[in-house]
Amino acid sequence: MPADPISRLAAALGSSVGAEVTLERPGEAEYGDYATNVALQLAGSRRRPPRELAAEIADAAAGLEAVERAEVAGPGFVNFFLRDEWFAAALGEILAAGDGYGSGVAEPRERVQVEMVSANPTGPILVSHARNGAYGDSVARLLELAGHEVAREYYYNDSGLQMERFRASVDAVRKGEPVPEDGYHGDYVRDLAAVDGDPVPAMLESMERTLERFRIHFDSWALQSVVEERLPELLPRLDTYEKDGALWARSSAYGDEEDRVLLRSGDRSPTYRAADVPYLVDKLDRGFDRAVYVLGADHHGTRNWYAAVARMLGYDPARIEVLLYQPVHLTRGGEQAKMSKRRGDVVFLDEFLDEIGVDAARWYLVNRGPDQAIDIDVDLAAERTQKNPVYYVQYAHARIAGILRNAPDNASDNLSLSSPLAPEERELVKRLAELPSVVADAAAKRGPQVVPAYAIRLADDFHRFYHEHRVLESEQQAFRLGLCRATQTVIARCLDLVGVEAPERM
RNA sequence: GCGCCCGUAGCUCAGUGGACAGAGCGGCGGACUUCUAAUCCGCGGGCCGGAGGUUCGAAUCCUCCCGGGCGCACCA
């Protein structure tokens with residue numbers, strides 16, 4: 001038996017029709033509470049006029065307890081009008097589920113590793129890294145809600161050329177020498193130079209602080225130097241060849257666009273790509289069913305490399321998943337933003353957070369689908385006003401908290417109705433009932449952007465309800481209090497999925 | 001040249017096979033003695049980049065073209 005009221009209604013209709021019925025919410029009130037186009041879709045294969053099929057579905061639906069009436073409309077839609085009792089029962093179920101409402105029981109339940117951000121410790125976390133983290137972390141939260149076990153990992157290069165340059169830059173400052181042209185410049189290098197010891201751990205600590213501030217917590221940190229230790233033992237298991245003095249992986253034969261160099265000509269040192277091999281093996285050997293890589297779209301050229309490595313080593317490539325996202329551009333009143341005086345056009349996440357706040361930052365960075373480039377007007381995003389959807393949603397939560405604070409302790413929780421439901425109440429219940437399908441869809445398509453979009457619609461429905469109806473000391477106080485509690489829970493859930501706080505007061 | 005992403009209202013974007021294409025911002029006008037007015041209500045704006053095709057039906061699927069972004073390292 002499906003867990004939520006809508007899919008149960010759909011299932012009941014489906015069994016009476018002998019086909020899967022999908023319900024949608026029509027845009028117009030005259031088309032009922034829910035509608036289905038199943039008659040149109042079935043008309044072809046069953047060689048029947050769509051309206052005739054629709055009439056049969058409508059007849060069958062009329063026999064269901066929840067359905068007040070069903071109408072055939074247009075070319076063959078069936079519109080369902082539901083009884084108030086269905087709304088009360090649906091709300092009751094949502095309240096009974098409590099904080100667990102929307103959570104799933106994944107089949108099969110997977111152990112998933114989400115590797116994200118993974119910026120090398122040569123400088124502070126940037127806004128571009130923040131999109132990686134905001135997106136990856138929201139996907140991780142969605143997978144957890146769907147019932148999977150998720151671990152977040154940060155991978156970084158602690159050896160190699162870039163790190164040498166970084167250390168050399170800090171050393172140069174300490175000796176009072178000029179920083180090499182190909183080194184790292186900026187105030188943070190001076191700050192690191194002021195303290196003795198290896199600057200890399202200090203840099204990492206600072207980066208972790210920024211990420212924690214951004215509400216991203218990593219379960220583990222993987223070092224390339226450690227990972228690389230297993231490279232010699234794995235190289236013989238790969239499909240490789242020698243060319244121009246270098247060792248190449250024959251990855252093009254395994255679904256990659258091209259072959260990749262593993263050991264450089266000359267000193268035969270491993271490339272960054274080479275370290276991917278032991279790292280991938282490490283991930284899968286640690287018992288993860290699925291390894292998710294979150295990468296900027298500028299890395300899409302290596303998208304198929306990881307799966308190719310898996311194939312080469314005999315692992316199921318379906319266990320490897322690469323998620324790509326488009327870049328972030330900051331503007332200030334339409335102008336290309338140059339927020340950081342220290343490093344030209346790159347923007348430090350900490351400065352960005354100082355300016356617009358963590359809530360707005362997380363919201364804006366997951367508000368768009370990963371395939372969409374993001375333009376953020378920093379001045380606009382910094383405004384704590386109605387222009388900013390994140391506060392609109394938070395305000396709905398805080399408003400509810402206010403009502404619940406004022407509610408009597410002995411308020412009844414009996415949802416039975418004493419008078420017909422108002423349109424705003426019905427709309428709100430239907431919106432709440434959408435949550436399970438919204439989060440399931442978001443998790444399945446790795447598209448957390450549908451969550452804030454849904455949260456806005458929910459806040460919209462709530463604000464309208466609030467404006468039209470009094471909750472406390474109203475004729476239907478119990479039902480309306482229930483509606484408030486359920487709405488608050490669902491808003492809090494949505495905000496949590498995005499990494500935004502749900503305030504009790506604003 | 002090849003590959004990936006994008007092109008929808010003045011701006012930022014939803015909508016990826018169905019009923020007249022939606023929202024926010026910006027503009028104008030209304031609503032607080034009442035649980036938070038960071039709210040609500042009303043008024044505009046679009047040959048869905050272009051051309052073909054598939055379908056009963058296309059913003060949505062296919063092909064080509066145009067425009068923008070990003071890749072095509074023994075850098076990460």
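All values below come from the heavy atoms of this structure, side chains included, with hydrogens, waters and symmetry mates left out.
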Please give, in whole Å, the distance from [N] [atom2] to [X] [atom1]?
X: A:Asn132; N: B:A76; atom1: CG; atom2: P; result: 18 Å
X: A:Lys445; N: B:G15; atom1: NZ; atom2: C1'; result: 10 Å
X: A:Asn37; N: B:U60; atom1: CG; atom2: P; result: 18 Å
X: A:Arg25; N: B:G18; atom1: CZ; atom2: P; result: 17 Å
X: A:Gln41; N: B:G17; atom1: CD; atom2: P; result: 10 Å
X: A:Leu323; N: B:C5; atom1: CG; atom2: P; result: 14 Å
X: A:Arg480; N: B:U34; atom1: CZ; atom2: C1'; result: 14 Å
X: A:Tyr364; N: B:C13; atom1: OH; atom2: P; result: 12 Å

A:His299 (side chain) and B:G71 (base): donor-acceptor pair under 3.5 Å: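 Check fails, no donor-acceptor contact within cut-off.
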Polar pair under 3.5 Å, donor/acceptor by atom type, side chain A:Thr271, base B:C74: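 Answer no: no donor N or O sits under 3.5 Å from an acceptor.
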With rounding to whole Å, what would you report as the distance between [N] and [M] at their [atom1] atoms?
N: B:A51; M: B:C66; atom1: P; value: 15 Å
N: B:G22; M: B:A9; atom1: P; value: 14 Å
N: B:C62; M: B:U54; atom1: C1'; value: 7 Å
N: B:G10; M: B:G26; atom1: C1'; value: 8 Å
N: B:G49; M: B:C43; atom1: P; value: 27 Å
N: B:C72; M: B:A76; atom1: C1'; value: 16 Å
N: B:G24; M: B:G17; atom1: C1'; value: 27 Å
N: B:U63; M: B:G27; atom1: P; value: 44 Å

Paired with [N] by Watson-Crick or G-U wobble geometry, both distances under 3.5 Å: which nucleotide is it?
N: B:U12; value: B:A23
N: B:C40; value: B:G30
N: B:G67; value: B:C6
N: B:G45; value: none
N: B:G52; value: B:C62
N: B:G17; value: none
N: B:C72; value: B:G1

Between [options], which one does the side chain of [X] approach most closely?
X: A:Trp248; options: B:C74, B:C35, B:C70; value: B:C74
X: A:Arg264; options: B:C6, B:G18, B:A76; value: B:A76
X: A:His300; options: B:G3, B:A76, B:C6; value: B:G3
X: A:Asn406; options: B:C35, B:A37, B:A31; value: B:C35
X: A:Gln372; options: B:C70, B:C13, B:C35; value: B:C13
X: A:Val471; options: B:C70, B:A76, B:C35; value: B:C35
X: A:Arg470; options: B:A31, B:A38, B:U34; value: B:U34
X: A:Pro26; options: B:C70, B:A76, B:A19; value: B:A19

Could you check whether [X] gets within reach of a base, just the sugar-phosphate, or nothing at all, counting any heavy atom under 4.0 Å?
X: A:Asn367; answer: nothing
X: A:Ala73; answer: base
X: A:Asp276; answer: nothing
X: A:Arg457; answer: nothing
X: A:His469; answer: base
X: A:Glu424; answer: nothing
X: A:Arg505; answer: base
X: A:Arg464; answer: sugar-phosphate
X: A:Glu468; answer: nothing
X: A:Ala246; answer: base
X: A:Gly301; answer: sugar-phosphate
X: A:Ala407; answer: nothing

Exam field: side chain A:Tyr188 to backbone A:Thr122, donor-acceptor pair closer than 3.5 Å: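 Yes; at least one donor-acceptor contact below 3.5 Å.
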Backbone N/O of A:Gly74 and side chain of A:Arg51: donor-acceptor pair under 3.5 Å: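 Yes, because the side chain of A:Arg51 sits within donor-acceptor range (under 3.5 Å) of the backbone of A:Gly74.
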Aromatic-base stack, A:Phe77 on B:G18, cutoff 5.5 Å, angle under 30: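 Not stacked: fails the 5.5 Å / 30° test.
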Going by distance alone, is a donor N or O of one side chain under 3.5 Å from an acceptor N or O of the other, for [X] and [Y]?
X: A:Glu424; Y: A:His469; result: yes
X: A:Ser265; Y: A:Asp244; result: no
X: A:Asp239; Y: A:Tyr254; result: yes
X: A:Tyr272; Y: A:Gln162; result: no

Pairwise 5' ranking along RNA chain B for A:His463 and A:Val78, keeping only the more 5' one: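 Closest to the 5' end, via its nearest nucleotide, is A:Val78.
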First of A:Asn79 and A:Ile403 reached from the 5' end of RNA chain B, by closest nucleotide: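 Between the two, 5'-proximity favours A:Asn79.
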Parallel, tilted or perpendicular: ring planes of A:Tyr241 versus A:Trp248, cut at 30 and 60 degrees: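 Taking A:Trp248 first and then A:Tyr241, their aromatic rings lie parallel (interplane angle under 30°).
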Test log, rule side chain to side chain contact (heavy atoms under 4.5 Å, CB included), inputs A:Ile216 and A:Met116: CA-CA 10 Å; A:Ile216 297 177; A:Met116 53 189 179; 3.8 Å; yes
A:Tyr466 vs B:A37: side-chain N/O to OP1/OP2 distance below 4.0 Å: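 Yes, such a contact exists.
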Short side-chain N/O contact to B:A23 OP1/OP2 from A:Tyr392, under 4.0 Å: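 No, no such contact exists.
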Evaluation steps, side-chain hydrogen bond (donor to acceptor under 3.5 Å, both in side chains), between A:Gln394 and A:Asp359: CA-CA 10 Å; A:Gln394 286 184 318; A:Asp359 285 337; 3.0 Å; yes
Exceeds 12 heavy-atom contacts within 6.0 angstrom, atom CZ of A:Arg405: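 Check passes, neighbour count above 12.
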Chi-angle category of B:C28 [syn within 90° of 0, anti beyond]: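 This nucleotide is in anti.
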